[in-house]
**Student:** 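Here's a structure for you.
Reminder, nothing fancy here: chain letters follow the sequence lines and each chain counts from 1.
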There are 2 protein chains.
Amino acid sequence: MAYTGDMARPASRTRGRGRPTTDEGLREVIRQAALTQFAEAGYSGTSLRKIAGAAGVDPSLVLHYFGSKEELFAAALTPPVDFSVVIPQLLSAPESQRAERVAQFIVQLLDRPEPRQTMTAAVRSATPTGGADVQVRRAITTQVIRPLAEALQSDHPELRAAMLGSQMVGLVMARHVVGLPTVAELTSEDLVAIIAPVVQRYLFDPLGLAATGPTEVRG
Amino acid sequence: MAYTGDMARPASRTRGRGRPTTDEGLREVIRQAALTQFAEAGYSGTSLRKIAGAAGVDPSLVLHYFGSKEELFAAALTPPVDFSVVIPQLLSAPESQRAERVAQFIVQLLDRPEPRQTMTAAVRSATPTGGADVQVRRAITTQVIRPLAEALQSDHPELRAAMLGSQMVGLVMARHVVGLPTVAELTSEDLVAIIAPVVQRYLFDPLGLAATGPTEVRG
DNA sequence: AGTTTATTTCAACGCCTGTTGAATATGGCA
DNA sequence: TGCCATATTCAACAGGCGTTGAAATAAACT
């Protein structure tokens, strides 16, 4: 809400026109400013000029580093966690604790600022205005759903992973985007207690589908 | 995806400049075109010119009828179902069938075009660009969450309603906005089977919260 | 010292936006 | 018939957008 244009940045004499004392961190400052803006306003609600302003920089410099708005979006959205590493660890817990571990991981992940910003930016940008939705869908499927599905040993792994993903998206919406009062005010512990049984159902319990063959999707 | 500008509309001689054979349906045509556009591209991704084009009308006429883009958005978003009437009916079912009835209602609601458009428009527009998010939050809380909470007789009624709402939002996202393959391809019956136990948990089962007093919100 | 090279800013482009005010044609009414 | 109110369009506005190309400055290299 308050972008006065002077964010914390590794100072290196006051910048003017021309090459400064090699300040490579500036690229990262821009990326961080972009992520924050995207998280607050979504892709189409964020302008390069606002990002540049938040980073204390000229709009052209943003494009100099990232080429285009879409590339900047993709760069800002790179996930702060490698799920294909974390998920197998979570699922290796004893059967009685797996669901709660997963629930805990989800909630704690969304408690850390940068993963939360990444998620809200993605969720908020899932609108087909500027080509951002394609990147969002690809990011969600390849970086979250597929690793999770491959680690699962239940039936319908892709479907189970996707259903859990939908609950995560709903959670981000309720707690961080729309800000529904009661959900936004929950403590982490209570939230874990509430969703753990749902995780259990989506990932491990029998689904009770009509027997029309496996609902599998490859690619 | 295909708006050629000539939608079905109660024809009344070809319109030109000036007053035509009193065609009150035109206002509704515009509202419907707006809802479709908002559902496809969200609030900020939709322009008055596109809406006017889809309705086969001049942009000024849109504002003549609705005053401003925000008012048009609010008008387009008026819910096609009065939840404060439907919900008590659903909850009056015998205890063993309530969750499935609710799940069925949700899924079937999202199968009908206009409620689905209303939901996707709301979900897609939950971004603070144009003041639309305020209206979205208010619509969700007053029209869905509050009636549901008032009909519930469990503890933490607002929280339960909000958690169910978050699952609904996630579902809309997965099935209609982002279009996750497996979820989007489910039959209605299978989807009901999958989410019914989750509905049961969120609305009726003990939540297992830390005993820090009731999490109630009034207004 | 002089040349190159990378960083940063400036100025402008064409386009799209929401909104406004005037012009015009028609239907209803006296 | 003549007037008035209303529906509809047209034309323009001021501002924001993403992007581009050139200019300026300073560090790095020879």
Side-chain angles (χ1 to χ4, degrees), chain A residues 5 9-31 33-34 37-38 41-76 125 127 129-132, chain B residues 5 9-31 33-34 37-38 41-76 125 127 129-132:
Chain A
R9 170 162 38 83
S12 66
R13 321 212 302 132
T14 53
R15 284 194 341 281
R17 200 185 239 194
R19 182 175 193 167
T21 69
T22 296
D23 184 2
E24 181 48 39
L26 198 46
R27 187 193 151 100
E28 178 55 24
V29 171
I30 294 175
R31 197 195 71 92
Q37 288 289 128
F38 284 135
Y43 181 81
S44 63
T46 298
S47 73
L48 291 179
R49 286 171 165 85
K50 273 189 223 153
I51 295 173
V57 137
D58 189 274
S60 300
L61 190 61
V62 178
L63 291 176
H64 171 69
Y65 277 128
F66 295 94
S68 74
K69 189 186 179 185
E70 272 191 55
E71 291 176 85
L72 171 58
F73 181 69
S125 304
T127 187
T129 310
Chain B
R9 170 162 37 82
S12 66
R13 319 214 303 135
T14 53
R15 286 191 339 282
R17 202 184 235 193
R19 182 176 194 167
T21 70
T22 297
D23 184 359
E24 182 48 37
L26 197 45
R27 187 194 151 101
E28 178 55 24
V29 171
I30 294 175
R31 197 194 71 93
Q37 288 290 128
F38 283 134
Y43 181 82
S44 63
T46 298
S47 73
L48 291 178
R49 286 171 165 84
K50 274 189 223 154
I51 294 173
V57 138
D58 189 273
S60 299
L61 190 62
V62 178
L63 291 176
H64 170 70
Y65 276 129
F66 294 94
S68 75
K69 190 186 178 184
E70 271 193 57
E71 291 175 87
L72 171 58
F73 181 68
S125 304
T127 189
T129 310

**Student:** Closer than 4.0 Å, any side-chain N/O of Tyr65(B) to the OP1 or OP2 of dA7(D)?
**Tutor:**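 Result: no.
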**Student:** Look only at the side chain of Lys69(B) and the backbone of Ser47(B), and say whether a donor-acceptor pair between them is shorter than 3.5 Å.
**Tutor:**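 Looks like no, no N/O pair under 3.5 Å.
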**Student:** Once you round it to whole Å, what is the distance between C1' of dG18(D) and CZ of Phe66(A)?
**Tutor:**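 Distance check: Phe66(A) CZ to dG18(D) C1' gives 16 Å.
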**Student:** Verify, without hydrogens or angle tests, whether Thr46(B) (side chain) and Gln37(B) (backbone) share a donor-acceptor contact under 3.5 angstrom.
**Tutor:**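 Yes.
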**Student:** Just the rounded figure in Å: distance from C1' of dT9(C) to CG of Leu61(A).
**Tutor:**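 It works out to 9 Å between those atoms.
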**Student:** Could you tell me the separation between the NE2 atom of His64(B) and the P atom of dA7(D), rounded to a whole number of Å?
**Tutor:** 5 Å
**Student:** What does the B/S/- profile of nucleotides 13-21 of chain C look like, 5' to 3', with a 4.0 Å heavy-atom cutoff to protein?
**Tutor:** ----BBBBB
**Student:** Are the side chains of Leu72(B) and Tyr65(B) in contact, using a 4.5 Å heavy-atom criterion?
**Tutor:**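 No, side chains not in contact.
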**Student:** Side chains of Arg27(B) and Ile30(B), heavy atoms from C-beta outward: is any pair under 4.5 Å?
**Tutor:**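 Of all side-chain heavy-atom pairs linking Ile30(B) with Arg27(B), none is under 4.5 Å.
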**Student:** Taking the side chain as every heavy atom from C-beta outward, state whether Leu26(B) and Leu61(B) have any atom pair closer than 4.5 Å.
**Tutor:** yes
**Student:** Looking at every non-hydrogen atom in both residues, tell me the closest pair between Asp58(B) and Ala52(B) and how far apart they are.
**Tutor:**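 Here Asp58(B) and Ala52(B) meet closest at C-CB, 3.8 Å.
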